[in-house]
Amino acid sequence: MSMPEPSGLRMVVCIKQVPKAEQLKIDPVKKTLVREGVESEINPSDLHALEMALQLKDKHGGSLLALSMGPPRFIQALETAIGMGADEGILLSDRALGGSDTLPTSYALSKAVEHLGHFDIVFCGEETTDSSTGHVGPGMAANLDLPQLTYVVEVEIRDGHVRAKRAVEDGFEVWETTLPLVITVNHGCNHPREPTLLGKIKARTIGVIDDLNADDVGLDKDKIGLSGSPTVVDKIETVELPDRSGRIYSGEAREAVRKLLDDLEAEGII
Amino acid sequence: MDRFDVIVIGAGPAGSSAAYSLAKEGFSVLIIERGKFPGSKNVYGGRIYTYPLKRLFPEDWREAPVERYVVQENISMLSKDTAVTIQYDSLRTGSSRVNSFTAIRSKFDKWLAKRAGEEGAMVISGTRVDDLLVSNGTVFGVRAGGDEVKANVIIAADGVASIFAQKAGIRPELIPKEISVGVKETIKLTKKRIEDRFNVGEKEGVANAYIGQVTNFLRGGGFLYTNEDSVSLGVVVQSEDLSSHRTEIQELMERFKLHPSIQKYIEGGKVVEYSAHMIPELGTCMIPRPFANGFLAVGDAAGFVLSHGYTYQGVDLAILSGMAAAETVKAARAANDYSAGSLSRYLHDLRSFGVLSELEEFGNAPSFLMNPRIYSAYPQLLCGILNRMYTVDGTKKEKMFHIAKEEMKGKISLMQLMKDLLGGTRSM
Ligand SMILES: Cc1cc2nc3c(=O)[nH]c(=O)nc-3n(C[C@H](O)[C@H](O)[C@H](O)COP(=O)(O)OP(=O)(O)OC[C@H]3O[C@@H](n4cnc5c(N)ncnc54)[C@H](O)[C@@H]3O)c2cc1C
């Protein structure tokens, strides 16, 4: 006799801890982001993914697992996720993963997801604020051989069917597909809830599972870390923002606009 | 998990000391702090007295994030551009009898809370407690957002504006006799500049107090404490005096910074933090019975703070009262009785930890310190006398007594001087 299937949706959301956007600094020599001594936060679109998953859980029941790959300090992000309502937090952490770009990251996270069981939906944020590639969600879909919907702003599940609205350049598209799938969530599509007191107490009581390593999930050491990463950072330039000239055109509106147009034309802008 | 032995509201010095002491005794303790981390928003003058810390951490109190040990105390009476300073050199750092140190609250409070956490207390930050759970006059838990958590005892350590002491019905609506207004700036220098300018060694610092011109001779004063690579500089003035003299405190602060006695220290520094406060001069308005069924108040929440006119002593009393509360709860557990009657031994514990004796002894000080002459007539008098004594310009020198009499003329009578002196010594 087989075990009864747990009811509701089984979901996993991949989250990353990133340096706070307003504190971003670039090491002029190493050409990498300075991560030490900088306040960090959960990558904003991952928070939206978390919220979207929690709303589905509120509606349909089921379970939500938060997964992250990174150094031990990422435990903080996973505690926050549990505080918001995730059932568990799991950290895949291994020195061998250091220096991984998006290719090994999607590979490692996919292997971790496979290791953790079967899921109906794998959620990711659309991209991270510290590298802005948007590769990881689609990369995981490819590795897991699942359909994917990216830049999703709304999702609905009915009779095993998924109906999702995704943002595109000039509007929205609505798609329908089947479970299981990978969804990457568009930035700003919802209002992520705050962790609750009982949620935070739970996070401390159950703790984050932080001892999952490369061997546990069966990673091929050649495919991860710096050696498994094809991306090479050739050069980093910081852009100096030009001063704005801030001219004010006053007087009668028609006159002022004419003057503005003349000036823009004279300076070759239009 | 929605039940603990004890819940502490607020992770300032009072709350963390209570949580630490209780966790050490094997209680399950939840301590809830609204700030992003303990101490993230807590500001004060700048100096902490050491004795309670030695009592709380006999072995390793020196691991506290000390900026500098105070080895010199100065009190200066300022006139417009002169100063009379009394300097007191206290013991040097090497001695274990260091009396006080300067500290930055965002580091100090964080460290204290971490110690409580290491002892097993669950420290939750970024959550504000909204209400107490009360039934039949007994406090049995707290509410935050939609969540409720219960405990045998709730300890309010939520600071001077405590709403929970009021909700528990033990704090009358506070009507402070007087309110002071304070501003404080942290001015960044360098470690070397501090050591050169204040003539102190590594980890050594000074605590300076100023009266007179700093407040434009209104009731109040100024302070300066040296941190590792910055100074904490501030001015506190009676709000009543401010309004009756139409003075802005920011203006006083700006002028204070330009006074030659201050300018020489802070020149070239950069203001990295600015804060302004209303400070209720509680005096002896401490809560007479800081306990209720299932409830205790500690630190500022119970009014355990001493005003010295323009400097304050509260972190030490906060720590001691936290430790005293832990003793009380321990005894209550032994008796399995958390009623007000059982918790009333808190008064006894407060006394044995020296909190009440300190407050009772200095209870008179505030009214003496309200005497406006301390802030105007006396500093002017002293500066005037010394100015005349030390100015050598070829004219005939008069006798000291004569100078003093002349300077006092129209400013203060001998009778008044005697009365103030007596009043002062009695309350000191
Ligand atoms: C201008 C000024 C200068 C001072 N200078 C000195 C000095 O040099 N030396 C000295 O020893 N003392 C000084 N004091 C006094 C000292 O600051 C206090 O006595 C001391 O901070 C009291 O500690 P506490 O733990 O009781 O309260 P606090 O330090 O006020 O801590 C209360 C904590 O509770 C938290 N909290 C409040 N409400 C809630 C809630 N609803 N839910 C969750 N958390 C909450 C707060 O965020 C805070 O962390 C000064 C005071 C002032 C105003």
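Labels below follow one simple rule: chain letters A, B, ... track the order of the sequence lines, proteins then strands, and each chain is numbered from 1.
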Self-check item: Given A/D210, A/D211, A/V217, the one that forms side chain to side chain contact (heavy atoms under 4.5 Å, CB included) with A/L92
Solution: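 Checked A/D210, A/D211, A/V217 against A/L92; only one passes side chain to side chain contact (heavy atoms under 4.5 Å, CB included): A/V217.
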
Quiz item: Does anything in residues 81-94 of chain A pair up under salt bridge (Lys or Arg N to Asp or Glu O under 4.0 Å), and if so which pairs, sequence neighbours excluded?
Solution: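 Those involving residues 81-94 of chain A are A/K57-A/D87.
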
Looking only at the side chains, is there a donor atom on one of [X] and [Y] sitting less than 3.5 Å from an acceptor on the other?
X      : Y      : answer
B/N136 : B/T138 : no
A/H187 : A/S45  : no
A/S93  : A/N213 : no

Self-check item: Heavy atoms of other groups near B/K167 NZ, more than 12 under 6.0 Å
Solution: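 Yes, because the 6.0 Å sphere around NZ of B/K167 holds more than 12 heavy atoms from other groups.
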
Self-check item: CZ (B/R3) with more than 12 external heavy atoms under 6.0 Å
Solution: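 Buried by this count: over 12 neighbours within 6.0 Å.
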
Self-check item: cation_pi(B/R105, B/Y44) dist<6.0 Å, angle<=45
Solution: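 The answer is yes; both the distance and angle limits are met.
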
Quiz prompt | Those residues of residues 108-123 of chain B, ordered by number, that approach chain A below 4.5 Å (heavy atom to heavy atom) | solution =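 So far as heavy atoms go, B/M122, B/V123 are the residues that approach chain A to under 4.5 Å.
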
Quiz prompt | Residues in residues 30-40 of chain B that sit under 4.5 Å from chain A, counting heavy atoms only | solution =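 If one takes a 4.5 Å heavy-atom cut-off, the residues of residues 30-40 of chain B near chain A are B/L30, B/I32, B/K36.
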
Quiz prompt | Heavy-atom contact with chain B under 4.5 Å, split by part of A/K200 | solution =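 Both parts, backbone and side chain.
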
Could you pull out all donor-acceptor pairs under 3.5 Å where a side-chain atom in residues 68-83 of chain A meets a protein atom, sequence neighbours excluded?
unit_1	atom_1	unit_2	atom_2	d
A/S68	OG	A/I15	O	2.8
A/T80	OG1	A/Q76	O	3.0

Quiz prompt | Basic-acidic side-chain contact under 4.0 Å: B/K203, B/E228 | solution =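 Yes, charged N to carboxylate O under 4.0 Å.
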
